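To start, the structure itself, in structure tokens.
One is the number of the first residue; the rest follow in order along the sequence. Here the structure is a predicted model, which is why all the values come from computation and not from measurement.
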Amino acid sequence: MEGLVKDLVDWGLGDDDGVKKNDEDGIDERSRSSSWAQIVSGDQENEQNHGRNSNRRNEERVDGRNQEWGSGGSQPSRRPQKAVNEEYERYEDGRQDNYKQSHPDQETGEESNDGWETVGKKPARRHQQRPANEQEYSNEVSYDSQIEPSQNELSDLGQACNKLWDLDHNRLTPGKDYEIDCGEGKKSYQNQDMAEGCLFTYLNDEVFKKPTISRFCSLLDNYNPHEGYKEEVTSQEKQEQAAFIEEICRTAPIKYLHKYLCLKGIVSEDPQEFKRMLTSLWFDLYGRGGTSSCSSAFEHVFVGEIKSRGDQSVSGFHNWLQFYMEEAKGNVDYQGYIYPRRRGQTPDSETQLLTIQFEWNGVLKSVSSTLVGVSPEFEIALYTLCFYMGNEDNYVELGPYNVNIKCYRLGNKLGSAFPIADS
């Protein structure tokens, strides 16, 4: 009788243990069913309400390393706070520990961020990247007449560079894919902050699903920003380099570059030899600042370096994606645009060639220029073409912009390349 009463009570009140078990099984099943596409896009469970007002982060560990992703749909505060965001500080401490473990020859005291001024803007949500060797590549663009350089383009570097602009099918559209707020202008020698907040106010989530952008971003955390520290390239980083080169070689700008250099006798038609050339040009280590194997073209041009000799300063750092991601983490403090040489050319939210001033980890970059919204393959193709076919100054047109592509050599290495608005 007692057993019957107990059964009736359990039936009437519900079996909590059974409910809990079913809930846990459901959660576990959902966890197992999460696809890599969800992980890369950040659309896992509680992250469906993304968009301009989302500032969440997604952190995971892969192969014992933190890989960080700036995500679209985040809208940093227009009034940055100067205190360091505690959540990001804990994350950065872990990342520094991983870096120290992979760089045992460097003194730990000099690797820390102690004493650096950082900007505590709320970090954007980060997407987790799948290991390079487990990803599928995008389809190659079909060969057509557009990829074949014309005689005029072969005889005029400016026309060839403008053709690359036309072939940049992954270039973003201002106001649709991203939004920027240029703030107020200033002279390069002025130190006051003329921007109330971030340069980037919005970036669409879909941007980070583009294959070449995804693979480009996986490379950005592979470097020590301090100039003069020897870099140690891990097998995973080599894998990421190879995956990036393979991906961009499937795009129109790089196919055009290959064909152009073939016709000029710079490289052979063998695609594998061409990939090895690109890898060597952009990723081979060389000396800078008196230390061997401490720098590369990719690190300097796209990631940036901090000079420690004399007064600290930022060198390189000409890529908009790196700027966005560092700004989202609170490492970059945008301080306004530099007045253009010509009156009436004040930049606005539609401008894709910007000359700006900012601080990176508390170190000033008084003048920096960048092409906003262009694809990684476009910049690689543009700077590689100018390196092999141009001079230190290369006056060209890129769509609506008159630009001087500066190209500096360190012997047979690419020391630096970046755009300057031409007056």
Side-chain angles (χ1 to χ4, degrees), residues 147 149 153-168 212 216 219 223 241-242 244-249 251-288 293-305 315-320 322 353 368-371 374-398 401-422:
I147 297 177
E153 291 161 4
L154 288 169
S155 60
D156 185 347
L157 179 63
Q159 290 192 39
C161 291
N162 200 33
K163 183 62 171 288
L164 289 174
W165 178 271
D166 293 337
L167 291 174
D168 189 11
T212 58
F216 176 85
L219 298 166
Y223 300 94
Q241 294 173 4
F244 173 68
I245 294 296
E246 176 64 36
E247 195 69 70
I248 65 173
C249 283
T251 65
I254 300 298
K255 286 187 175 293
Y256 178 88
L257 169 70
H258 187 194
K259 190 66 176 179
Y260 195 102
L261 296 181
C262 282
L263 294 173
K264 288 291 188 178
I266 303 298
V267 298
S268 74
E269 294 184 0
D270 181 0
Q272 298 307 315
E273 182 177 329
F274 176 63
K275 292 171 187 176
R276 286 192 291 270
M277 180 272 288
L278 284 180
T279 302
S280 176
L281 177 66
W282 285 98
F283 295 107
D284 278 3
L285 297 176
Y286 53 74
R288 192 190 295 269
S293 300
C294 68
S295 184
S296 68
F298 186 92
E299 177 183 7
H300 182 86
V301 173
F302 297 123
V303 181
E305 297 176 291
S315 62
F317 201 135
H318 298 286
N319 180 258
W320 73 271
Q322 167 73 343
L353 175 59
S368 182
S369 53
T370 186
L371 290 161
V374 298
S375 69
E377 59 265 31
F378 168 77
E379 289 196 280
I380 291 286
L382 176 66
Y383 299 145
T384 301
L385 186 62
C386 289
F387 175 79
Y388 282 108
M389 304 307 306
N391 302 302
E392 181 177 313
D393 293 290
N394 304 280
Y395 297 94
V396 302
E397 289 185 7
L398 299 178
Y401 305 107
N402 294 317
V403 186
N404 177 16
I405 302 297
K406 298 288 290 187
C407 188
Y408 293 105
R409 290 170 170 79
L410 291 177
N412 62 344
K413 304 291 186 181
L414 174 58
S416 185
F418 54 91
I420 297 178
D422 182 26

- Message: Checking Ile245 against Ile380 for the side-chain contact (heavy atoms from CB on, under 4.5 Å) test, could you report, in this order, the C-alpha distance in whole Å, the side-chain angles of both residues, the deciding distance, and whether it holds?
- Response: CA-CA 10 Å; Ile245 294 296; Ile380 291 286; 5.9 Å; no
- Task: Apply the test side-chain contact (heavy atoms from CB on, under 4.5 Å) to residues Glu392 and Cys407: give CA-CA distance (whole Å), side-chain angles for both, the deciding distance (0.1 Å), then the verdict.
- Result: CA-CA 5 Å; Glu392 181 177 313; Cys407 188; 5.9 Å; no
- Should Ser295 and Glu305 be marked as a side-chain hydrogen bond (donor to acceptor under 3.5 Å, both in side chains) after you check the CA-CA gap, both sets of side-chain angles, and the distance that decides it? CA-CA 9 Å; Ser295 184; Glu305 297 176 291; 3.0 Å; yes
- Task: Decide side-chain contact (heavy atoms from CB on, under 4.5 Å) for Leu154 and Tyr260; before the verdict, give the C-alpha distance in whole Å, the side-chain angles of both, and the deciding distance to 0.1 Å.
- Result: CA-CA 7 Å; Leu154 288 169; Tyr260 195 102; 3.8 Å; yes
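No donor-acceptor distance shorter than 3.5 angstrom exists from the side chain of Asp284 to the backbone of Leu281, with no hydrogens or angles considered. No donor-acceptor pair under 3.5 Å is formed between the side chain of Ser280 and the backbone N or O of Arg276. Put simply, the side chain of Ser375 never gets that close to the backbone of Asp168: no donor and acceptor are under 3.5 Å apart.
Residues Asp393 and Ile405 form no side-chain contact, since every pair of their non-hydrogen atoms from C-beta on lies 4.5 Å or further apart. Between Pro376 and Phe244, the closest side-chain pair of non-hydrogen atoms falls below 4.5 Å. Contact annotation: the side chain of Phe418 never approaches that of Leu371 to less than 4.5 Å [non-hydrogen atoms, C-beta and beyond]. Contact of the Phe302 side chain with the Phe216 side chain is registered, since non-hydrogen atoms from C-beta on lie closer than 4.5 Å. Inter-residue side-chain proximity for Ser416 and Lys406 is flagged as unmet; no heavy-atom pair is nearer than 4.5 Å. Between Tyr395 and Val403, the closest side-chain pair of non-hydrogen atoms is not below 4.5 Å. Contact annotation: the side chain of Glu299 never approaches that of Phe317 to less than 4.5 Å [non-hydrogen atoms, C-beta and beyond]. Counting heavy atoms from C-beta outward, Pro149 and Leu263 have side chains that approach closer than 4.5 Å.
The CD1 atom of Ile420 sits 13.5 Å away from the CG atom of Asn402 when rounded to the nearest 0.5 Å. The SG atom of Cys249 sits 8.5 Å away from the CD atom of Gln272 when rounded to the nearest 0.5 Å. In this structure, Leu157 CG and Gln159 CD are separated by 10.0 Å, a value rounded to the nearest 0.5 Å. Atoms OG1 and CG, from Thr384 and Leu261 in turn, are 8.0 Å apart once rounded to the nearest 0.5 Å. His258 contributes atom NE2, which lies 12.0 Å from atom CD1 of Ile147 (distance to the nearest 0.5 angstrom). To the nearest 0.5 angstrom, Thr279 atom OG1 is 10.0 Å from Glu246 atom CD.
Nearest approach of His318 to Ser369, heavy atoms of both residues: ND1-O, 3.1 Å. Across all their heavy atoms, Ala160 and Glu153 have their closest contact at CB-O, 3.7 Å. Of all non-hydrogen atoms in Cys262 and Ser268, the two that sit nearest each other are SG-O, 3.2 Å. Minimum heavy-atom separation, Leu382 to Cys161: CD1-SG, 3.6 Å. Between Arg288 and Gly415, the shortest heavy-atom contact is NH2-O, 2.9 Å. Summarising the geometry of Val374 relative to Glu379, their closest heavy-atom pair is CG2-CG, 3.6 Å, with the distance given to 0.1 Å.
The residue from Leu167, Ile248, Leu164 that alone fulfils the side chain to side chain contact (heavy atoms under 4.5 Å, CB included) condition with Phe378 is Leu164. Each of Tyr383, Phe283, Trp282, Tyr286 was evaluated against Phe298; a single residue qualifies, Phe283, per the ring pair (Phe, Tyr, Trp, His ring centres under 6.0 Å) test.
If you check the side chains of Thr212 and Glu247, you find no donor sitting under 3.5 Å from an acceptor. Side chains of Asn404 and Asp422: a donor-acceptor N/O pair is absent below 3.5 angstrom, by distance only.
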